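Values in this document were obtained by computation on a predicted structure and should not be read as measured data. Atoms within each ligand, like the ligands themselves, are counted from 1 in listed order. For the single chain, residues carry numbers from 1 onward in sequence order.
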Amino acid sequence: MRIVVRKPGVFSSVAIALTAIVAAVVMTAAVATAQKAPTAQAQVTFTNDVAPILYRSCIRCHRPGEIAPMSLLTYNDARPWARAIKQRVSRREMPPWFIDRTIGIQSYKNDPSLTDDEIATIVKWVDAGAPQGNPADLPPLPPQGDVNAWRIGTPDLVVKYPTYKMPATGPDLYGSLYVPFDTKEDRYIKAIQTRVIDQGSRKVVHHALSYAVSPDADAQSDGDDSTSQGGQFLVEYASGKNAEIYPPDSGVLLQAGQKAKVDYHFHSIGEETNVQIEVGVVFYPKGTVPKHIRWSKQLGQEAAADIDIPANSIVRRDGYTRLNSPARLTAFQPHFHIRGKYQCLELIYPGEPVKTETVSCANWNYNWHTIYNYEDSVAPIVPAGTLLHVITWWDNTPGNKFNPDPKNWVGAGTGRTIDEMGFSWIGWYDLTDEEYKQELQARKAARQPKKIATDQQQQ
Ligand code: HEC
């Protein structure tokens with residue numbers, strides 16, 4: 001075994017070098033033992049070990065009719081993909097989930113990511129030749145709902161965007177489509193979902209973000225309005241996620257007469273495809289105003305408005321938004337184009353001395369627009385006057401595998417992928433001072449027993 005120390009300056013400590021050698025020896029010994037005595041129980045099999053991981057983290061997308069290219073429902077489906085599975089999971093490219101695991105909050109709703117142990121299990125399985133194991137051990141396949149079923153219940157209103165004819169070949173296309181909602185009074189949305197009607201077009205739709213916009217917005221005023229004229233962001237269709245069921249007692253206002261706008265990104269799939277996207281909405285009853293209005297805004301974008309990214313360089317920008325009331329943050333979602341690298345959300349609390357807290361950081365993978373919804377028990381609860389500090393990095397070097405041309409300068413622009421943007425979708429709802437106090441109390445109470453236990457252990 002050869003130990004390569006790339007940067008002698010950094011690894012100058014003998015202790016570190018020794019530790020590395022000891023670790024290497026131990027590892028070699030462990031491998032040797034494993035190879036010498038593989039017992040029947042120690043063998044990792046599909047039916048015993050791998051299927052439960054795929055059921056939890058993969059088959060939502062990897063099943064017939066869904067967005068992924070192949071099914072992973074059964075052993076026969078998964079077997080031919082074993083090597084690719086090993087590669088994608090060990091690089092943490094699959095399932096798509098790019099939260100930095102070393103910093104900030106780690107509990108998110110619907111986090112499909114694998115633990116280090118689960119990744120090790122898959123790697124072992126593939127290295128052992130991807131054995132099936134005893135079919136009797138296979139856990140029952142979780143019930144698979146109809147891929148076309150509404151996940152929000154039966155919508156009160158469904159609007160269809162105009163059909164888009166996507167050519168068989170050509171570059172990716174970006175743009176906006178509009179359709180009136182035709183509501184005669186203000187209504188609050190309880191749940192909303194985007195559906196791509198025809199399964200064939202699901203592979204065409206890279207993402208589709210829907211907004212409520214003013215009645216006179218239309219294709220003529222299009223261009224970069226996903227950010228500047230904005231409108232109220234409603235729901236996103238991407239990365240296998242397409243429904244938004246707001247937390248109890250919270251909702252989003254749809255004003256009378258507003259139109260629906262979808263910002264799309266489509267790719268060609270080798271045959272001409274009619275893409276047909278619809279949005280379904282479940283409302284609160286007429287006249288009902290939910291206790292909390294859920295906001296979802298693009299924050300930190302002012303910092304990226306005039307970005308100037310020289311060739312071969314990494315650039316950082318910072319954006320700040322002050323919250324005027326106490327709030328509960330519900331979601332973090334970085335957004336970039338292809339030079340995006342990494343983004344963090346830091347909270348700067350009011351008062352002296354200044355306290356800050358980094359709540360989430362995520363790597364950027366241009367293929368995925370992943371939203372990170374905080375688990376209720378850890379969703380940040382912040383006082384009035386808190387600054388949301390969005391820190392954004394772009395990578396215009398060859399180190400960014402999505403970068404088509406690190407020799408070129410890159411500037412700001414929202415429409416074309418080759419221009420850059422960078423902001424964070426932040427979801428939150430405002431709290432009254434009273435609610436803020438109550439939430440804090442509840443958090444403290446929930447933490448109490450654990451704290452006592454730790455104190456006792458330390459004594
Ligand atoms: C959110 C949806 C989603 C989830 C969850 C997901 N995948 Fe995927 N997967 C995709 C899509 C879409 C592609 C095709 C695009 C790409 O290659 O990134 C893909 C591609 C792949 C590929 C490459 C296929 C090829 O053509 O080489 C492998 C292997 C894979 N996924 C394995 C997995 C495994 C294993 C899991 C669970 C641990 C998983 N995926 C979870 C959507 C998903």
Side-chain donor-acceptor pair present, Ser313, Asn396, cut-off under 3.5 Å: no

Asp430 side chain to His292 side chain, donor-acceptor N/O pair below 3.5 angstrom: no

Under 4.0 Å to a heavy atom of Pro96 - the qualifying atoms of ligand 1, by number: 1 (C), 3 (C), 4 (C), 6 (C)

Contacts of Cys58 that satisfy disulfide bond (SG atoms under 2.5 Å apart) - sequence neighbours left out: none

Numbering as shown, the atoms of ligand 1 that approach Ala84 to under 4.0 Å (heavy-atom distance): 29 (C)

4.0 Å heavy-atom contact, Met70 with ligand 1: yes

Centroid-centroid distance, Tyr372 to Trp97, less than 6.0 Å: yes

Per-residue contact class, Val89 against ligand 1 - non-hydrogen pairs under 4.0 Å: side chain

Nitrogen or oxygen atoms of Arg60 and ligand 1 under 3.5 Å apart: no

Ser210 side chain to Tyr161 side chain, donor-acceptor N/O pair below 3.5 angstrom: yes

Nearest neighbour of atom 4 (C) of ligand 1 from the list Ala68, Cys61, Pro69, on a heavy-atom basis: Cys61

Trp97, portion touching ligand 1 at heavy-atom distance under 4.0 Å: neither

Ligand 1 to His62 polar contact by distance, N or O atoms, under 3.5 Å: yes

Sidechain N-carboxylate O distance under 4.0 Å for Asp306, Arg317: yes

Pro112 touching ligand 1 at heavy-atom level, < 4.0 angstrom: no

Residue Ser57 vicinity, atoms of ligand 1 by number, heavy atom under 4.0 Å: 5 (C), 37 (C), 41 (C)

Distance-only side-chain donor-acceptor flag, Thr74 / Asn76, under 3.5 Å: no

Carboxylate-amine/guanidinium contact Arg339 Glu420, below 4.0 Å: no

Proximal ligand 1 atoms for Trp368, defined as those under 4.0 Å from one of its heavy atoms: 10 (C), 11 (C), 12 (C), 42 (C)

